[in-house]
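Okay, structure first, notes after.
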Amino acid sequence: MDILSNNNILKKIELLAPAKNTETGIAAINSGADAVYISAEQFGARENAGNSINDIAKLVSYAHKFYARVYVTLNTILFDDELNQALLLIKNLYEAGVDALIIQDVGLLELDLPPIPLFASTQMNMDTIEKVLFLEKTGFQRVILPRELTLREIKEIRAKTKIDLECFVHGALCVSESGRCYLSYAIGKRSGNRGRCAQPCRRKYHLRDTSGKILVKNKYLLSLHDLNRSEYLDELIDAGITSFKIEGRLKDLAYVVNIIGFYRMKLDKILENKKMLKSSSGKTFFNFTPEPYKTFNRSYTDYGLCGKKGDLASINTPKSTGEQIGTVKGIDKNFFIISSGRALENGDGICFFDSAKNLKGTTINKVQNNLIYPDKMNYIEKGTIIYRNLDRLFIKQLEKIPCHRRISISLNFNMRSDGFNLEALDEDENKADYSILCEKKIAENKSFTLETIEKQLLKLGETIFTCKKVNINLDKMYFIPVSILNNLRRGVINNLMELRNKNFPLKTAEIIKNTIPYPLKTINYLGNVLNKKAENFYARHNASVIEPAAESGLDMNGRMVMISKYCIRQELGLCVRQIYKCRGRSCTCPHAILFIYGTRKGHPYRFIIGLVAHPNTEESILNSCSKLSLKIPFPRASFISFILHVRTSSISLLLKIISSSYMEKNVWTSSVSKEFE
């Protein structure tokens with residue numbers, strides 16, 4: 001498909017917020033978001049975050065007042081019998097004024113869609129220039145890039161494409177490459193690509209060697225820190241990103257207000273320095289100081305945007321730890337003392353790790369001078385690092401009116417022969433006016449008249465506008481009743497709002513089918529093709545679907561169920577390059593393989609998950625797995641891990657073959673510590 005008509009609107013920088021529901025979406029707009037994304041009743045990649053058409057329409061109406069936009073996520077893959085239902089939903093969303101759809105299933109492109117812009121979900125895994133260029137040529141308006149890409153890779157994509165590029169800058173991280181995680185489905189038939197991920201990556205695992213020796217016990221080995229790229233916004237803009245996305249459609253209102261406020265402040269300073277504009281109208285005025293550590297976080301990582309920096313994983317807990325307050329320097333039976341300039345308050349929640357690195361928590365009952373009396377003193381020792389995961393006063397600020405957003409206007413008060421006129425010009429160059437016919441009387445107190453006019457016209461109250469000064473253009477000073485001034489103000493504001501709605505910069509995209517070749521000739525289950533329409537799409541683009549999506553009911557035995565940028569060995573200081581002093585990518589030592597064993601109640605087999613660290617080990621692993629009829633499509637070179645799903649009956653033979661291939665038997669293994677529910 002090609003774009004037949006696409007409004008050419010100057011590209012500006014967008015801050016994109018998650019919205020669990022209409023209330024959260026409105027709060028995000030008030031906090032400075034230029035756009036929000038929200039799930040509809042069906043087919044969004046968050047099963048528990050659906051919203052009705054009416055609720056979405058209310059959010060659209062509010063957002064458009066600020067020329068902000070609303071995008072709806074329809075980014076699951078669809079069965080054949082769901083396509084007509086999805087099409088009806090899309091048409092209803094278009095009628096509701098939604099600004100774009102975020103999709104994964106290309107089968108939708110074979111339907112008779114309304115002229116609504118399409119964004120390629122990160123679930124589509126557009127990780128190469130060729131793939132992004134293909135979507136640009138087939139009519140997509142935007143590509144949401146994978147979180148795994150580096151700054152250099154983003155620059156390379158931007159240099160060869162013109163399509164809008166969006167990237168995640170904050171929020172929860174999946175350990176797997178987006179769209180290519182089948183671990184939850186393989187374990188319990190709960191598919192992430194269908195919005196039902198059970199998050200097995202947030203569970204505990206054991207790490208052991210082949211002799212059975214436990215190396216690491218009961219740790220969250222696949223649970224990553226949360227993403228925070230707030231220090232790289234300037235560089236990302238220079239790299240070509242036009243939309244900065246915050247993850248969190250299941251997060252609460254306090255989280256959204258805090259995080260959006262934080263990024264709004266950061267971006268405004270950067271845009272001012274670069275003499276660039278944001279993509280919506282109005283300025284947000286905050287009644288609190290945003291702080292990312294004060295709402296949900298598993299500590300932060302930039303996820304190797306410019307090379308690895310710090311730990312990537314939160315292996316001791318998948319829960320929020322909040323902000324670090326200080327270290328316990330004194331302790332008594334009922335209280336403790338910490339070395340910190342940050343004060344705790346009555347009712348605050350704190351957490352800490354005990355000597356076994358297990359997360360514990362309690363609440364603060366009383367703070368007296370520097371003595372802190374918690375509800376429980378269990379496990380608190382001298383030297384314990386204290387985190388505050390509930391800041392009571394901060395949350396209280398967010399529960400009131402944390403901020404308000406206003407559009408700047410100028411007012412001109414003019415006389416006419418038969419009355420008075422008021423003009424309003426907003427920051428988007430919308431100009432409205434309103435006149436009242438009345439008899440004009442000369443004023444006795446001229447200074448009082450000027451003060452009265454300005455005072456009454458500046459009373460914009462609960463409107464979305466703000467004005468610092470009124471230009472009064474009169475040849476003589478007239479006595480003007482307050483009622484007339486109030487009517488003039490209300491009239492011009494109503495007219496301005498109507499004009500803003502009329503002039504909303506609507507973006508549309510008419511599409512037609514074409515035959516531009518897809519970069520790959522064949523597509524297996526990693527392409528997530530679940531319906532005939534998607535097959536037809538790829539066939540028209542000269543690609544053959546040789547295997548349907550996993551969710552079609554494929555036996556996942558011997559298949560890769562995860563690709564990851566993250567390496568457990570490196571995180572635990574067991575990196576093979578460090579141990580064997582390997583150079584470059586020539587490492588072929590046996591430790592390049594790690595296995596995780598697990599069980600699930602009701603399943604007739606167990607699971608094995610393997611991670612391979614270096615691309616040059618591929619040939620050996622492929623040879624080994626081919627003897628067991630295991631098909632492993634390897635990740636591209638910049639990815640260091642994959643996870644393979646194998647039945648218990650194949651484990652011993654696979655280990656034997658791999659060990660024989662390496663002439664050694666020292667292969668790291670690991671096991672799930674408890675059954676998945």
| CA sep, side-chain torsions, deciding dist, call: Ser280, Arg405, side chain to side chain contact (heavy atoms under 4.5 Å, CB included) | CA-CA 11 Å; Ser280 64; Arg405 183 169 178 170; 2.6 Å; yes
| If you measure only the distance, is there a donor-acceptor pair under 3.5 Å linking the side chains of Lys219 and Asn316? | yes
| said: side chain to side chain contact (heavy atoms under 4.5 Å, CB included) for Tyr566 and Leu224? Distances and angles first, verdict last. | reply: CA-CA 9 Å; Tyr566 160 72; Leu224 299 186; 3.7 Å; yes
| Taking the six-membered ring of Phe353, is NZ or CZ of Lys360 closer than 6.0 Å to its centre and within 45° of its axis? | no
| query | Got a sec, which pairs hit ring-ring contact (aromatic ring centres under 6.0 Å, His included) with one end in residues 239-262, sequence neighbours left out? | reply | none
| remark: With sequence neighbours left out, the residues meeting side chain to side chain donor-acceptor pair (under 3.5 Å) with Thr161 are Arg158
| request: Compute both the distance and the angle, then confirm whether Lys189 meets the cation-pi test with Tyr185: under 6.0 Å from the six-membered ring centre, within 45 degrees of the axis. | output: yes
| Between Phe285 and His404, does the ring centroid distance fall short of 6.0 Å? | yes
| Candidates Val72, Leu74, Ile144 - the one meeting side-chain contact (heavy atoms from CB on, under 4.5 Å) with Ile102 | Ile144
| request: Report yes if the side chains of Thr327 and Thr384 come closer than 4.5 Å at any heavy-atom pair, otherwise no. | output: no
| Quick one: do the Tyr303 and Asn228 side chains pair a donor with an acceptor below 3.5 Å? | no
| So, Thr73 versus Arg249: side-chain donor-acceptor pair below 3.5 Å or not? | yes
| query | Who passes side-chain contact (heavy atoms from CB on, under 4.5 Å) against Asn21, sequence neighbours left out? | reply | Glu23, Thr24, Asn51
| request: Measure from the side-chain N and O atoms of Ser121 to the backbone N and O of Met124, and report whether any donor-acceptor pair falls under 3.5 Å. | output: no
| task | Flag the pair Tyr387 / Glu323 as yes when at least one side-chain heavy-atom distance between them is below 4.5 Å, and no otherwise. | result | no
| query | Does one side chain, of Asp99 or Tyr37, offer a donor that lies under 3.5 Å from an acceptor on the other? | reply | no
